[in-house]
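First comes the structure, then the notes that go with it.
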Amino acid sequence: MIAIVLFGKPGAGKGTQAEFLKEKYNLTHISTGDVFRFNIKNETDLGKKAQEYINKGQLVPDEITINMLKAEVENNMDKAGFLFDGFPRTIAQAEALDAFLQSIDLGITATIALDADDEVLVARILERGKTSGRPDDQDEAKIRTRYVEYNEKTAPLIEFYQNQGKYHAVNGIGSIEEITQRLSNVIDTL
């Protein structure tokens with residue numbers, strides 16, 4: 001069983017690529033955003049707490065995120081592995097994910113990052129915001145706040161996974177098919 005972290009700034013295409021990769025490799029796609037939206041829509045206690053942070057353009061605290069994801073993993077042990085999208089976002093989350101996965105005899109196989117320029121990504125998110133219905137995709141200031149959060153809290157994960165020999169960067173600019181092929185080239189070597 002493999003566990004892959006799909007890594008990149010908001011708007012890098014993680015969700016789009018995850019849809020293709022989960023089918024090709026029989027993986028369970030665990031999108032933090034989807035898990036959050038489910039909990040928010042259903043007004044769970046965790047969902048209400050997460051919404052407060054999301055509305056401010058901030059990262060949701062680790063404890064809330066981990067508790068949401070544990071159930072997703074435990075309910076999907078019948079696949080060839082997991083594709084984490086949008087998680088972990090901090091070193092503390094990566095350590096918590098490692099501890100949880102080790103408790104069920106798994107570990108992160110690889111982290112694959114979709115690299116792209118901030119300005120390209122802001123334009124992508126604003127375009128997505130026209131149809132997504134997500135308020136955080138329609139406000140450029142909030143989008144840029146998410147990038148500040150990313151640079152401060154998430155970018156250190158690059159070195160964290162590099163030190164473990166699990167970090168792979170992939171050019172996130174190009175057609176969906178081209179990017180999927182680049183990701184597949186990495187996964188096929190794992």
Side-chain angles (χ1 to χ4, degrees), residues 1-37 57 59 69 72-73 76 79-90 93-94 97 106-134 136-140 142-151 153-190:
M1 186 173 274
I2 64 172
I4 297 171
V5 174
L6 195 54
F7 187 72
K9 292 181 181 180
K14 297 179 299 292
T16 299
Q17 291 300 324
E19 290 301 312
F20 294 106
L21 298 175
K22 76 177 186 179
E23 296 299 324
K24 182 173 182 176
Y25 296 100
N26 190 31
L27 302 173
T28 296
H29 174 214
I30 299 179
S31 163
T32 309
D34 290 346
V35 172
F36 285 162
R37 284 185 283 279
L59 296 177
L69 294 179
E72 293 296 315
V73 169
N76 290 286
K79 300 281 185 158
F82 299 94
L83 183 61
F84 293 96
D85 166 7
F87 186 87
R89 291 187 179 187
T90 65
Q93 287 180 355
L97 180 61
L106 292 176
I108 296 299
T109 309
T111 299
I112 307 173
L114 290 169
D115 287 339
D117 178 74
D118 286 1
E119 296 310 311
V120 172
L121 298 179
V122 169
R124 278 187 192 172
I125 292 173
L126 289 170
E127 188 62 32
R128 178 177 78 187
K130 293 176 183 177
T131 58
S132 72
R134 292 175 50 186
D136 60 322
D137 283 352
Q138 299 168 17
D139 184 329
E140 186 171 339
K142 285 184 182 178
I143 294 167
R144 292 193 185 278
T145 297
R146 288 158 61 188
Y147 288 152
V148 170
E149 288 273 325
Y150 176 93
N151 289 331
K153 298 178 181 176
T154 306
L157 282 172
I158 295 170
E159 185 176 347
F160 179 83
Y161 285 114
Q162 283 174 332
N163 289 340
Q164 296 178 19
K166 297 179 180 178
Y167 182 81
H168 307 270
V170 171
N171 180 354
I173 303 297
S175 72
I176 292 171
E177 296 79 15
E178 289 170 335
I179 298 166
T180 302
Q181 186 58 53
R182 291 177 199 143
L183 291 167
S184 295
N185 290 345
V186 172
I187 294 170
D188 290 343
T189 65
L190 299 177

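Hydrogens, waters and symmetry mates play no part in the numbers below; they use all other heavy atoms, side chains included.
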Is it the case that the side chain of [X] and the backbone of [Y] share a donor-acceptor pair, with hydrogens and angles ignored and the cut-off at 3.5 Å?
| X | Y | value |
| --- | --- | --- |
| R124 | A12 | yes |
| K14 | G86 | no |
| Q162 | Y167 | no |

Exercise for the section: Please report the C-alpha distance between I4 and L190 in whole Å, then the side-chain angles of each, then the deciding distance to 0.1 Å, and finally whether the side-chain contact (heavy atoms from CB on, under 4.5 Å) criterion is met. Expected result: CA-CA 10 Å; I4 297 171; L190 299 177; 4.0 Å; yes

Would you indicate whether the side-chain heavy atoms of [Y] and [X] approach each other to under 4.5 Å?
| X | Y | value |
| --- | --- | --- |
| Q17 | I176 | yes |
| D136 | R146 | yes |
| M1 | F82 | yes |
| T180 | E177 | no |
| K9 | T154 | no |
| E19 | H29 | yes |
| L121 | I143 | no |
| F160 | T90 | no |

Handout entry: More than 12 heavy atoms from other groups under 6.0 Å of CD on E159
Key =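 No, the 6.0 Å shell around CD holds no more than 12 heavy atoms from other groups.
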
Within this structure, what is the [atom1]-[atom2] distance for the pair [X] and [Y], rounded to the nearest 0.5 Å?
| X | Y | atom1 | atom2 | answer |
| --- | --- | --- | --- | --- |
| I30 | L97 | CD1 | CG | 9.0 Å |
| T16 | L21 | OG1 | CG | 11.0 Å |
| I187 | R182 | CD1 | CZ | 14.0 Å |

Practice task
Could you tell me whether R144 and E119 have a side-chain N and a carboxylate O separated by less than 4.0 Å?
Solution key: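 The answer is yes: the pair qualifies as a salt bridge.
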
Handout entry: Salt-bridge present (R128, D137; N to O < 4.0 Å)
Key =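 Here R128 pairs with D137 in a salt bridge, since their nearest N and O are under 4.0 Å apart.
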
Exercise for the section: Go through the steps to decide whether I108 and Y161 satisfy the test side-chain contact (heavy atoms from CB on, under 4.5 Å), and finish with yes or no. Expected result: CA-CA 10 Å; I108 296 299; Y161 285 114; 4.1 Å; yes

Write down the atom of [X], the atom of [Y], and the distance for their closest heavy-atom approach.
| X | Y | value |
| --- | --- | --- |
| D115 | A169 | OD2-CB, 3.4 Å |
| A110 | H168 | CB-CD2, 3.8 Å |
| I2 | T109 | CA-OG1, 3.4 Å |
| P10 | I125 | O-CD1, 3.3 Å |
| N171 | I179 | O-CG1, 4.0 Å |
| A94 | P88 | N-CB, 3.4 Å |

Problem - Verdict with supporting geometry, L83 and Y25, side-chain contact (heavy atoms from CB on, under 4.5 Å) - result: CA-CA 10 Å; L83 183 61; Y25 296 100; over 6 Å; no

Exercise for the section: Please name the residue in the list T28, T111, V73, L27 that meets the side-chain contact (heavy atoms from CB on, under 4.5 Å) test with F84. Expected result: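 Output: one option passes, namely V73.
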
Exercise for the section: Using the side-chain contact (heavy atoms from CB on, under 4.5 Å) rule, take L6 and L183 through it: C-alpha gap first, then chi angles, then the decisive distance, then the call. Expected result: CA-CA 10 Å; L6 195 54; L183 291 167; 4.1 Å; yes

Exercise for the section: Name the orientation class of the two ring planes belonging to Y150 and F7 (parallel below 30°, tilted from 30 to 60°, perpendicular beyond 60°). Expected result: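 Rings of Y150 and F7: tilted, as their planes differ by 30° to 60°.
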
Handout entry: salt bridge (charged side-chain N to carboxylate O under 4.0 Å, His left out) partners of residues 26-37, not counting sequence neighbours, each pair once
Key =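 Passing the test, one end in residues 26-37: D34-R37.
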
